[in-house]
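Atoms within a ligand are numbered from 1 in the order they appear, just like the ligands themselves.
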Amino acid sequence: MNRELKSLSVVVPGLNEADTLPLLYDKLVTVLGKGSWQLEIVFVDDGSTDGSAEICEELHRKDPRFQFVSLSRNFGHQRALTAGLDFCTGQAVVAMDADLQDPPEVVLEMIARWQAGVDVVYGKRRSRQGETAFKRATAAAYYRIMRFLSGMPLPADTGDFRLMDRVVVDNLGQLREQGRFMRGLVHWVGFRQEALLYDRHPRAAGTTKYPLVKMLRFAWDGITSFSTMPLRLATWCGFGVFVLALLLIIIYAVRKLVFNDNLVPGWTALFLSVIGFGGLQMFFIGLLGEYVARCFNEVKGRPLYLVRGASLKVPPRPSE
Ligand code: UDP
Ligand code: MG
């Protein structure tokens, strides 16, 4: 199969990326603006407060290939990405970060794969420059835990940098859940997916918009939106403790009734088991609460984002 690419969209969510925006624009146009396809850059301003909005308008005036969508406030990376995917019009769509950590040159290779018939080409990091050992280690551990919990072979070392066919983007657009873990959703959609190894660069400018707390929340969203295994683990733990309790009841009943053992000592064991099991129960009730809270959020069915203004027309696609 050899598909011809007529239009390409590059979707970039960004929060306070005024420093990187001009660099990003130059780089994208230099690398991807000369192909046989029509280029469209869709920058989603995720409630920035650093003057990104003015830069967007300026860039759009200068070059109509640069389009933007401004959200009414900060909705978070995953929702901003969703907005960009909803608005873009290309036949193939690339999602990437604003900080040029994902080199646009790699997109050319992704396009070649798409032309050969692959529907999703996701970037897999061969190396991660400019990232701390802590981030690398926690990321590696996370994908392993995630795979174990969800039973879904989510590829390790991949982020949101990928090229998707229009069919995939449209299908993805139908998934409007609140707890969003886009890389998992793309994986869930299916079609023909392939990895492409690349070297991740350090940030071009500015600082990370994902401090540790935000990162942890995102990681937890990923687990709870794709797996109910933590609940099942709680059930199994409860069952184990119950079996243990039954055994102890039998042992102590026999000692008391048959051997007439008077068991006065044992206060320590009693006290420790009360606080131990109390703690375990609280933990599992909390876990249950996490899922209930997620149901609560889904049931409200609020829109995933609100748009303040955009240079593109509001898409007729996924109805909010
Ligand atoms: N981002 C966003 N909204 C947010 C947080 C981040 O749109 O609330 C964007 C950010 O501007 C960048 C991308 O998400 O384009 C990835 O963030 P960043 O590069 O800061 O994360 P890191 O690579 O350090 O994990
Ligand atoms: Mg980054």
Q: Can you list everything that forms a side-chain hydrogen bond (donor to acceptor under 3.5 Å, both in side chains) with Q178? Sequence neighbours excluded, please.
A: R79

Q: So do the side chains of L21 and F43 get within less than 4.5 Å of each other, counting heavy atoms only?
A: yes

Q: State, without any angle test, whether R183 and T158 hold a side-chain donor-acceptor pair at a distance under 3.5 Å.
A: no

Q: Does D102 have any side-chain hydrogen bond (donor to acceptor under 3.5 Å, both in side chains) partners at least two apart in sequence or in another chain, and if so, which?
A: Y198, R200

Q: With heavy-atom distances below 4.0 Å as the criterion, list the atoms of ligand 1 near D46.
A: 2 (C), 3 (N), 4 (C), 7 (O), 8 (O)

Q: Could I get the full list of side-chain contact (heavy atoms from CB on, under 4.5 Å) partners for S7, not counting sequence neighbours?
A: Q38, Q91

Q: With a 4.0 Å heavy-atom cut-off (strictly under), which part of N74 contacts ligand 1: side chain, backbone, both or neither?
A: side chain

Q: Between W37 (side chain only) and L32 (backbone N and O only), is there a donor and an acceptor less than 3.5 Å apart?
A: yes

Q: Taking NZ, NE, NH1 and NH2 as the nitrogens, is one of them in D19 or R203 under 4.0 Å from a carboxylate oxygen of the other?
A: no

Q: Quick check on contacts: which atoms of ligand 1 are under 4.0 angstrom from a heavy atom of A98?
A: 15 (O)

Q: Look at atom 24 (O) of ligand 1 and say which protein heavy atom is nearest, naming residue and atom and giving the distance to 0.1 Å.
A: T208 OG1, 2.6 Å

Q: If the threshold is 4.0 Å, N to carboxylate O, is there a salt bridge linking K209 and D46?
A: no

Q: Donor-acceptor pair, K300 side chain versus F296 backbone, under 3.5 Å?
A: no

Q: Any atoms of ligand 1 less than 4.0 Å from a non-hydrogen atom of D99? List them with their elements.
A: 19 (O), 23 (O)

Q: Show the atoms of ligand 1 that are less than 4.0 angstrom away from any heavy atom in K214.
A: 4 (C), 5 (C), 8 (O)

Q: Check whether any N or O atom of D97, backbone or side chain, sits under 3.5 Å from an N or O atom of ligand 1, and answer yes or no.
A: no

Q: Indicate yes or no: does an N/O atom of A80 lie under 3.5 Å from an N/O atom of ligand 1?
A: no

Q: Please report which non-hydrogen protein atom sits nearest to atom 9 (C) of ligand 1, along with the residue it belongs to and the distance in Å to one decimal place.
A: P13 O, 3.7 Å

Q: Any chance the side chains of E177 and S225 put a donor and an acceptor closer than 3.5 Å?
A: no

Q: Does ligand 1 have a heavy atom under 4.0 Å from the side chain of L15, from its backbone, from both, or from neither?
A: both

Q: Can you tell which of F43, F75, F218, Y210 gets a heavy atom nearest to atom 17 (O) of ligand 1?
A: Y210

Q: Just by modelled atom types, is the V186 backbone N or O under 3.5 Å from a matching donor or acceptor in the Q193 side chain?
A: yes

Q: Relative to the heavy atoms of Q101, which atoms of ligand 1 are at a distance of less than 4.0 Å?
A: 19 (O), 23 (O)

Q: Do you know which of D119, L172, V189 makes side chain to side chain contact (heavy atoms under 4.5 Å, CB included) with M164?
A: L172

Q: Can you tell me if M215 has a non-hydrogen atom under 4.0 Å from ligand 1?
A: no

Q: How many protein atoms of type N/O/S are positioned less than 2.8 Å from the Mg ion (ligand 2)?
A: 2

Q: N/O to N/O below 3.5 Å, does that happen between E17 and ligand 1?
A: yes

Q: Is it true that a side-chain atom of S70 and a backbone atom of D45 form a donor plus acceptor pair closer than 3.5 Å?
A: no

